[in-house]
Novice: 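Sharing a structure, written as C-alpha cells. Questions coming.
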Amino acid sequence: MNQEEIKRVVFRIATMLFLLIIGLVLFQASQYQIISMLLVIAACLPIYYRYERKQINIKELVLIAILTALAVLGRFLFYMIPAVTPMTAIIIISGICLGAEVGFLVGSLSAITSNMIFGQGPWTPFQMFSWGLIGLVAGLPWMQTILKKSYLFLVLYGIAAGFFFSFFMDLWTVFSIDRFFSWQRYLALLLSAAPYTISYCFSNAFFSCLLFRSIQTKLQRILIKYDIK
C-alpha cells in the first residue's frame, strides 16, 4: 500500500467516524436513513475517485460487486441459524486477497446491501463501519502476510473480528436505548449476548478456514487472466 492509498484509507475512516457522530445526534429525530445514504456515498467515494483517475477498470468493479454479492448471499442462506454466517469470512478473505481498500468496500457495501433484505435501520451505519473495518485490517500488507502464513492466524483473526463486531454493535444498542453511553447497560448487553458472540466468533473462524484457499485460488486466476492489478 503506497502513501496515496494510505491517505485514502485514513480519509475514509475519518469520514465514516464523522458521519457516525452526526448520526448519533440525528438518531433522536429518526433521521438514520439520511445517515445511511451518506455512509454509502462515503464508502463508494474511493471507487469514483480511482475511476476518475483511471486507476480502476470495469473488471475490478465487477469483481468487487461479485464479492459483495457473495457476502450478501452468505448472510441470506444462513439467516435461520442465529450468529452463524459466512459473510464476515468472505469480507476477511476479500481483504486478504485484494487489499485493504477492497476489503473495506466489500464489508461496508455488503452491510447496506444485505440490509435491503433484512431491514435498514439506525444500526446500518454501525454495521457498515464495523464490517468495513474488519475487511480493511485484514487487507493491510503486514496483516495479509500474517494471515496467509497458517490457518491458526486466520482462526485467531476470525475470532477477534467476531468480538470486535459484537462489542462495536453493542455500542449502538446502548445509544439507541439510553441516548447516552452507560457502562452498566453496555456490560449487561455484553453478558446477555455472550452465547451469540461466541457462536459468531467460531463461525467466522470456521468459514474463513473453509473458504479461504478456494476463494484465494479463484481470485488469483481471475486477477491473472483478466490482468487486474
Side-chain angles (χ1 to χ4, degrees), residues 12 16 19-20 23 26-27 30-48 60-95 97-98 102-136 138 158 161-173 175-177 189 193 195-208 210-212 214-215 218-219:
R12 188 184 310 109
M16 296 286 280
L19 291 174
L20 281 174
L26 295 181
F27 283 162
S30 300
Q31 297 298 316
Y32 55 82
Q33 297 94 336
I34 297 175
I35 301 303
S36 295
M37 291 307 299
L38 288 174
L39 285 169
V40 172
I41 294 172
C44 293
L45 276 177
I47 292 183
Y48 303 143
E60 187 173 349
L61 287 173
V62 171
L63 187 57
I64 293 171
I66 291 173
L67 288 169
T68 301
L70 284 175
V72 173
L73 180 63
R75 185 181 181 189
F76 174 76
L77 292 177
F78 286 82
Y79 80 97
M80 292 293 290
I81 308 176
V84 175
T85 173
M87 178 170 166
T88 305
I90 295 173
I91 293 169
I92 292 172
I93 296 169
S94 299
C97 296
L98 300 176
V102 173
F104 183 89
L105 289 170
V106 172
S108 59
L109 294 177
S110 296
I112 187 71
T113 305
S114 62
N115 280 355
M116 292 179 183
I117 301 173
F118 297 100
Q120 302 288 356
W123 54 85
T124 301
F126 286 83
Q127 290 179 330
M128 291 179 67
F129 183 77
S130 54
W131 266 319
L133 199 59
I134 288 170
L136 185 149
F163 278 117
F164 166 75
F165 181 84
S166 298
F167 291 178
F168 190 79
M169 289 305 299
D170 282 336
L171 289 174
W172 130 251
T173 307
F175 285 123
S176 68
I177 295 174
L189 288 170
Y196 296 96
T197 300
I198 294 172
S199 176
Y200 179 55
C201 289
F202 284 98
S203 168
N204 293 344
F206 172 76
F207 283 113
S208 294
L210 180 67
L211 301 174
F212 177 63
S214 59
I215 294 179
K218 289 178 174 60
L219 285 177

Novice: For A161 and N204, which heavy atoms make the closest approach, and how far apart are they?
Specialist: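 Minimum heavy-atom separation between A161 and N204: C-ND2, 4.2 Å.
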
Novice: Taking side chain as C-beta onward, heavy atoms only, is S114 less than 4.5 Å from F76?
Specialist: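 Contact flag for S114/F76 side chains = no.
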
Novice: Between the side chain of S203 and the main-chain N/O of S199, is any donor-acceptor distance below 3.5 Å?
Specialist: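 Here the side-chain-to-backbone pair does not exist.
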
Novice: Looking at CZ of F206 and CG of L211, how far apart are the two atoms once the value is rounded to the nearest 0.5 Å?
Specialist: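 Here the rounded value is 8.5 Å.
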
Novice: For G158 and I92, which heavy atoms make the closest approach, and how far apart are they?
Specialist: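 Scanning both residues, the minimum pair turns out to be CA-CD1, 4.2 Å.
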
Novice: First locate atom OG1 of T68, then atom CD1 of I91, and finally report the distance between them rounded to the nearest 0.5 Å.
Specialist: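 Separation between the atoms: 8.5 Å.
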
Novice: Residues in side-chain hydrogen bond (donor to acceptor under 3.5 Å, both in side chains) with D170, at least two apart?
Specialist: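 By the side-chain hydrogen bond (donor to acceptor under 3.5 Å, both in side chains) rule, D170 matches no residue at all.
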
Novice: Measuring from atom CG of L219 to atom OG of S214, what distance do you get when rounded to the nearest 0.5 angstrom?
Specialist: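 It comes to 9.5 Å.
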
Novice: If you draw a 6.0 Å radius around CZ in F118, do more than 12 non-hydrogen atoms from other residues or ligands fall strictly inside?
Specialist: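 Yes, enclosed.
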
Novice: Return the CZ to CZ distance between F165 and F129, rounded to the nearest 0.5 Å.
Specialist: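 Interatomic distance, F165 CZ to F129 CZ, rounded to 0.5 Å: 12.5 Å.
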
Novice: Pair up each side-chain donor or acceptor in residues 78-88 with any protein partner under 3.5 Å, not counting sequence neighbours, and list the distances.
Specialist:
{"from": "T85", "atom 1": "OG1", "to": "M87", "atom 2": "N", "distance (Å)": "3.1"}
{"from": "T88", "atom 1": "OG1", "to": "W131", "atom 2": "NE1", "distance (Å)": "3.0"}
{"from": "T88", "atom 1": "OG1", "to": "Y200", "atom 2": "OH", "distance (Å)": "2.4"}

Novice: Can you establish whether the number of heavy atoms outside F164 located under 6.0 Å from its atom CZ is more than 12?
Specialist: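 Count over threshold, so yes.
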
Novice: Would V102 and E60 count as a side-chain contact (heavy atoms from CB on, under 4.5 Å) if you check the C-alpha gap in whole Å, the side-chain angles of each, and the deciding distance to 0.1 Å?
Specialist: CA-CA 10 Å; V102 173; E60 187 173 349; 4.1 Å; yes

Novice: Between the side chain of S110 and the main-chain N/O of V106, is any donor-acceptor distance below 3.5 Å?
Specialist: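 At least one qualifying donor-acceptor pair exists.
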
Novice: Return the CG to CD1 distance between L67 and I64, rounded to the nearest 0.5 Å.
Specialist: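 The distance works out to 8.0 Å.
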
Novice: Between atom CD1 of I93 and atom CG of L210, what is the distance when rounded to the nearest 0.5 Å?
Specialist: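 I93 CD1 to L210 CG: 8.5 Å, rounded to 0.5 Å.
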
Novice: Kindly give the heavy-atom pair with the smallest separation between M169 and W123, and that separation in Å.
Specialist: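 Shortest heavy-atom separation between M169 and W123 comes out as CE-O, 3.8 Å.
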
